[in-house]
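Counting convention: from 1, in listed order, for ligands and their atoms alike. Index from 1, following the sequence.
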Amino acid sequence: MRLALFNESDIGPVVALFQRVFSDAEGEAEGQVIADFVKELISTTPRSAVIGFTAWEGDAVVGGIFFSRLIVPSGQRAFILSPVAVSTDVQGKGVGQALIRYGLDHLKSLGVELVFTYGDPGYYSKVGFEQITEAIVKAPWPLSQPIGWLAQSLDGSAVQAMIGPTRCVEALNDPGLW
Ligand SMILES: CC(C)(COP(=O)(O)OP(=O)(O)OC[C@H]1O[C@@H](n2cnc3c(N)ncnc32)[C@H](O)[C@@H]1OP(=O)(O)O)[C@@H](O)C(=O)NCCC(=O)NCCS
């Protein structure tokens, strides 16, 4: 497996990967929603506010993740991980964890201090995320599943409580996603 920075020339296969994986996992309608979301994220987010990573087996893309900027009241440099997909036929072999660790290392090297995600705590705790509450850091929109609000400091310290709103990029700025 080879891990790489997302390159815009790979947008076709990467969007197709997200569509396939989420269709398999959650049905065709969800596959389409996620494919449209990934396209919007890439096309509407300023270059400095979105970064993706891919996993490859030969010339086939088997994994993809994106991080986008989250503005937080502490002023720390923060990103949020969403979405994540690993090809159905290679799931459960460590590709997702390797890709997320690779992305986190890259963000750390760029000076990013905090990373958030919103998902299954059982999975994301394997790659350093901890459950937080909105009393620690508010989410951009009310959370339908507060147990999925997760974060980690890339310097290993605890996530500090902060007061005030957070702001995500436009593609994520939809209450239905939260
Ligand atoms: C969730 C997903 C990204 C995980 O990637 P992966 O490469 O299959 O996972 P890994 O092989 O790195 O990790 C496997 C471990 O995570 C666990 N795991 C996998 N998917 C999980 C899930 N949805 N919830 C909880 N644990 C999960 C496995 O039990 C396994 O645990 P173990 O190491 O203790 O045996 C992948 O299965 C996927 O794309 N699923 C469909 C789309 C999706 O749900 N994306 C995440 C939301 S954006």
| note | Within 4.0 Å of some non-hydrogen atom of Ala85, the atoms of ligand 1 are 39 (O)
| field | Minimum-distance pair of heavy atoms, taken over all atoms of Val21 and Ser87 | value | CG2-CA, 3.7 Å
| request: Mind checking the CD-CD spacing from Glu130 to Gln152? Nearest 0.5 Å is all I need. | output: 8.0 Å
| field | Pairwise distance CD1(Ile34) to CG(Leu177) - rounded to 0.5 angstrom | value | 8.0 Å
| said: Test of understanding: given a 4.0 Å heavy-atom threshold, classify the contact between Asp120 and ligand 1 as side chain, backbone, both, or neither. | reply: side chain
| What protein heavy atom sits nearest atom 3 (C) of ligand 1, and how far away is it? | Val84 CG1, 3.4 Å
| task | Would you mind checking if Arg20 and Glu28 are paired as a salt bridge, meaning a charged N to carboxylate O distance below 4.0 Å? | result | no
| field | Sole candidate of Phe53, Phe6, Phe79, Phe67 that passes ring-ring contact (aromatic ring centres under 6.0 Å, His included) when paired with His106 | value | Phe53
| field | Nearest heavy atoms of Phe129 and Val115, plus distance in Å | value | CE2-O, 3.4 Å
| What do you reckon, is CD of Glu30 surrounded by more than 12 foreign heavy atoms closer than 6.0 Å? | yes
| request: Would you check whether Tyr124 reaches within less than 4.0 Å of ligand 1, judged by its heavy atoms? | output: yes
| request: Report the nearest protein non-hydrogen atom to atom 13 (O) of ligand 1: residue, atom name, distance rounded to 0.1 Å. | output: Gln97 NE2, 2.7 Å
| Flag: protein heavy atom within less than 4.0 Å of atom 46 (C) of ligand 1 | yes
| request: Out of Leu81, Val62, Val86, Val95, indicate the one that has the non-hydrogen atom closest to atom 39 (O) of ligand 1. | output: Val86
| request: Give the residue and atom name of whichever protein heavy atom lies nearest to atom 40 (N) of ligand 1, and the separation in Å to one decimal. | output: Gln91 NE2, 3.5 Å
| query | Are any of the protein's heavy atoms under 4.0 angstrom from atom 29 (O) of ligand 1, yes or no? | reply | no
| Any idea which protein heavy atom is nearest atom 32 (P) of ligand 1, and the distance to it? | Lys126 NZ, 3.5 Å
| Backbone or side-chain N or O of Phe22 under 3.5 Å from ligand 1 N or O | no
| Quick one: does Gly92 get a heavy atom under 4.0 Å from ligand 1? | yes
| remark: For atom 41 (C) of ligand 1, the closest protein heavy atom turns out to be Val21 CG1, 3.6 Å
| query | Going by distance alone, is a donor N or O of one side chain under 3.5 Å from an acceptor N or O of the other, for Asp174 and Trp141? | reply | no
| Counting heavy atoms not belonging to Asp155, are there more than 12 under 6.0 Å from its CG? | yes
| query | Which heavy atom in Leu17 sits nearest to a heavy atom in Gly64, and how many Å separate them? | reply | CD2-N, 3.7 Å
| query | Tyr118 vs Trp149 aromatic rings, parallel, tilted or perpendicular, using cut-offs 30° and 60°? | reply | perpendicular
| query | Any N or O on Ala25 sitting closer than 3.5 Å to an N or O of ligand 1? | reply | no
| field | Shortest protein contact, atom 7 (O) of ligand 1 (heavy atom only) | value | Gly96 N, 2.8 Å
| Element-labelled atoms of ligand 1 that are located less than 4.0 Å from some non-hydrogen atom of Lys93 | 11 (O)
| Under 3.5 Å: N/O of Val90 near N/O of ligand 1 | no
| Closer than 4.0 Å: a protein non-hydrogen atom to atom 35 (O) of ligand 1 | no
| Atom pair OG1/CD of Thr166 and Glu134 - distance to nearest 0.5 Å | 8.0 Å
| message | Just to confirm my output: which protein heavy-atom neighbour is closest to atom 26 (N) of ligand 1, and how far is it? | response | Tyr123 CB, 3.7 Å
| request: Please report which non-hydrogen protein atom sits nearest to atom 11 (O) of ligand 1, along with the residue it belongs to and the distance in Å to one decimal place. | output: Gly94 N, 2.5 Å
